[in-house]
Amino acid sequence: MILSVSTVPPPSDVGRPISSPLPLHSRISVPVLRRTNKIPSCTCSMTPQNWANGLSALDSNINDQSMPGNLGSSAREAKDESDILIECRDVHKSFGEKKILRGVNFKIRHGEAVGIIGPSGTGKSTILKIIAGLLAPDKGEVLICGKRRHGLVSDEEISGLRIGLVFQSAALFDSLTVRENVGFLLYENSRMPEDKIAELVTENLAAVGLKGVEGRMPSELSGGMKKRVALARSIIFDNTKEVIEPEVLLYDEPTAGLDPIASTVVEDLIRSVHLKGEDALGKPGKIASYVVVTHQHSTIKRAVDRLLFLHEGKVVWEGMTHEFTTSENPIVRQFASGSLDGPIRY
Ligand SMILES: Nc1ncnc2c1ncn2[C@@H]1O[C@H](COP(=O)(O)OP(=O)(O)OP(=O)(O)O)[C@@H](O)[C@H]1O
């Protein structure tokens with residue numbers, strides 16, 4: 001596939017245990033987690049949107065239909081499609097007899113900050129894993145920069161876009177230090193000397209507000225710190241390469257389990273590391289767009305511009321964040337108010 005996936009699966013997804021001491025790049029025995037792009041071929045090269053201006057230019061046509069599944073998207077379709085980084089077309093996924101995704105359609109454009117919300121068990125994490133190439137759809141397709149793929153991440157399919165998935169649990173490797181966790185992909189896949197990687201690790205940890213924790217083990221960190229370490233791991237990249245590949249980051253409930261202030265810190269970090277094409281240190285960044293799955297109102301308000309509402313396996317509403325609370329869609333209204341009465345049944 002196309003992309004150089006920077007997804008770092010949690011230990012349970014990795015398949016083989018990590019048991020070896022350092023040096024990481026010579027001894028860690030895990031499957032290849034990241035594919036290096038040799039010939040960048042992604043044509044999605046639009047300048048990132050200025051987050052501060054919101055995305056009204058991209059989304060003047062808001063879909064807010066009262067009937068689930070009827071998005072009336074003709075005006076949207078007519079727009080310039082060259083800035084579409086990711087597209088899900090009629091994606092279906094079942095686990096055994098259980099149909100989870102029943103025809104999911106949406107597009108993620110360059111520069112967007114998109115939230116995916118919806119009732120528990122509706123398939124939000126599943127769609128992230130399908131986009132990241134960790135799960136294959138049963139039917140339908142995912143297009144990355146216009147290139148179709150049906151299955152899992154593979155070495156043969158390569159593009160100039162990376163997709164990173166930040167797991168809800170932070171998914172740090174327990175047996176590795178913070179430095180080794182954050183620098184994992186560089187130790188494994190780059191030719192950078194170890195001292196340069198260590199420098200970059202320190203810079204990226206500073207960018208997420210962490211200092212002097214490089215030598216600690218994950219078990220010595222609080223939940224919020226772990227999430228910040230995971231964020232640092234997702235934004236670090238080999239800055240010695242001539243071509244900096246754009247990246248779409250997928251966050252699965254990045255603020256779950258955090259207190260309100262720790263949530264705000266993470267939400268603002270998610271914003272700041274993507275801001276205007278710069279990283280948190282003001283250097284050229286690589287994050288083109290991001291997608292956040294969340295249940296938290298504060299995260300929706302602070303970290304997301306556009307929302308997709310997933311229900312019973314389909315996107316039943318999409319619109320700008322500020323329109324969420326005023327939507328007339330009965331499903332959205334029930335969800336926004338937390339009412340037990342309405343079309344969503346538990
Ligand atoms: N690997 C799997 N094998 C079997 N069932 C699975 C698997 N992954 C997910 N499921 C099931 O698919 C459904 C959707 O799961 P998913 O985690 O995508 O939902 P979600 O919308 O993210 O939920 P939540 O908001 O509670 O995190 C759930 O019923 C879950 O149990």
Side-chain angles (χ1 to χ4, degrees), residues 5 7-16 31 68-69 86 88-106 108 114-142 150-153 163-171 223 226-227 230 248-258 263 266-267 270 290-301 303-304 306-318 321 324 329 331-332 334-340 342-346:
V5 169
T7 307
V8 180
S12 61
D13 286 335
V14 164
R16 276 186 276 164
I86 295 173
C88 290
R89 279 192 195 159
D90 195 30
V91 170
H92 288 68
K93 183 74 187 174
S94 297
F95 294 110
E97 296 295 300
K98 220 162 148 187
K99 287 189 178 166
I100 304 300
L101 303 178
R102 300 159 183 254
V104 171
N105 292 288
F106 63 80
I108 306 294
V114 176
I116 300 180
I117 55 174
S120 281
T122 199
K124 301 180 295 297
S125 300
T126 301
I127 195 71
L128 288 194
K129 287 178 188 162
I130 288 174
I131 292 172
L134 297 177
L135 283 175
D138 300 334
K139 184 182 160 207
E141 57 200 17
V142 175
H150 295 280
L152 302 176
V153 172
I163 296 185
L165 176 55
V166 183
F167 287 88
Q168 178 177 357
S169 60
K226 282 184 195 168
K227 284 187 193 276
V248 174
L249 272 183
L250 312 172
Y251 296 96
D252 195 356
E253 301 202 29
T255 50
L258 297 185
S263 291
V266 170
E267 287 148 7
I270 288 172
Y290 63 89
V291 180
V292 182
V293 163
T294 185
H295 286 296
Q296 301 245 90
H297 275 284
S298 65
T299 308
I300 292 169
K301 280 203 304 206
V304 164
R306 186 162 74 88
L307 284 171
L308 304 169
F309 193 102
L310 205 60
H311 179 53
E312 295 185 336
K314 289 189 174 183
V315 176
V316 295
W317 180 89
E318 59 183 296
T321 302
F324 178 65
N329 183 312
I331 295 173
V332 173
Q334 183 190 354
F335 195 77
S337 66
S339 169
L340 295 177
I344 302 171
R345 294 277 167 223
Y346 274 85

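Numbering of residues begins at 1 and proceeds along the displayed sequence. Note that ligands are numbered from 1 as they come in the structure, with each ligand's atoms numbered from 1 the same way.
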Discussion item. Using modelled atom types and a 3.5 Å cut-off, is there a donor and acceptor pairing between side-chain atoms of Lys124 and backbone atoms of Pro119?
Written reply: yes

Worksheet item: Can we say Arg102 and Glu312 salt-bridge, meaning some charged N sits less than 4.0 Å from an Asp/Glu carboxylate O?
Response: no

Item to complete: Evaluate the ring planes of Phe324 and His297, with Trp represented by its six-membered ring, and classify them as parallel (under 30°), tilted (30 to 60°) or perpendicular (over 60°).
Response: tilted

Discussion item. Would the distance check show the side chain of Asp138 and the main-chain N or O of Ser94 forming a donor-acceptor pair, the cut-off being under 3.5 Å?
Written reply: yes

Worksheet item: Mind checking what residues have non-hydrogen atoms under 4.0 angstrom from ligand 1?
Response: Phe95, Lys98, Ile100, Pro119, Ser120, Gly121, Thr122, Gly123, Lys124, Ser125, Thr126, Glu253, His295

Practice prompt. Could you pull out all residues at least two apart from Gln296 that satisfy side chain to side chain contact (heavy atoms under 4.5 Å, CB included)?
Written response: Thr255, Ser263, Thr294, Ser298, Thr299

Worksheet entry | Spatial distance of atom CG (Leu135) from atom CG (Leu128) [nearest 0.5 Å] | 10.5 Å

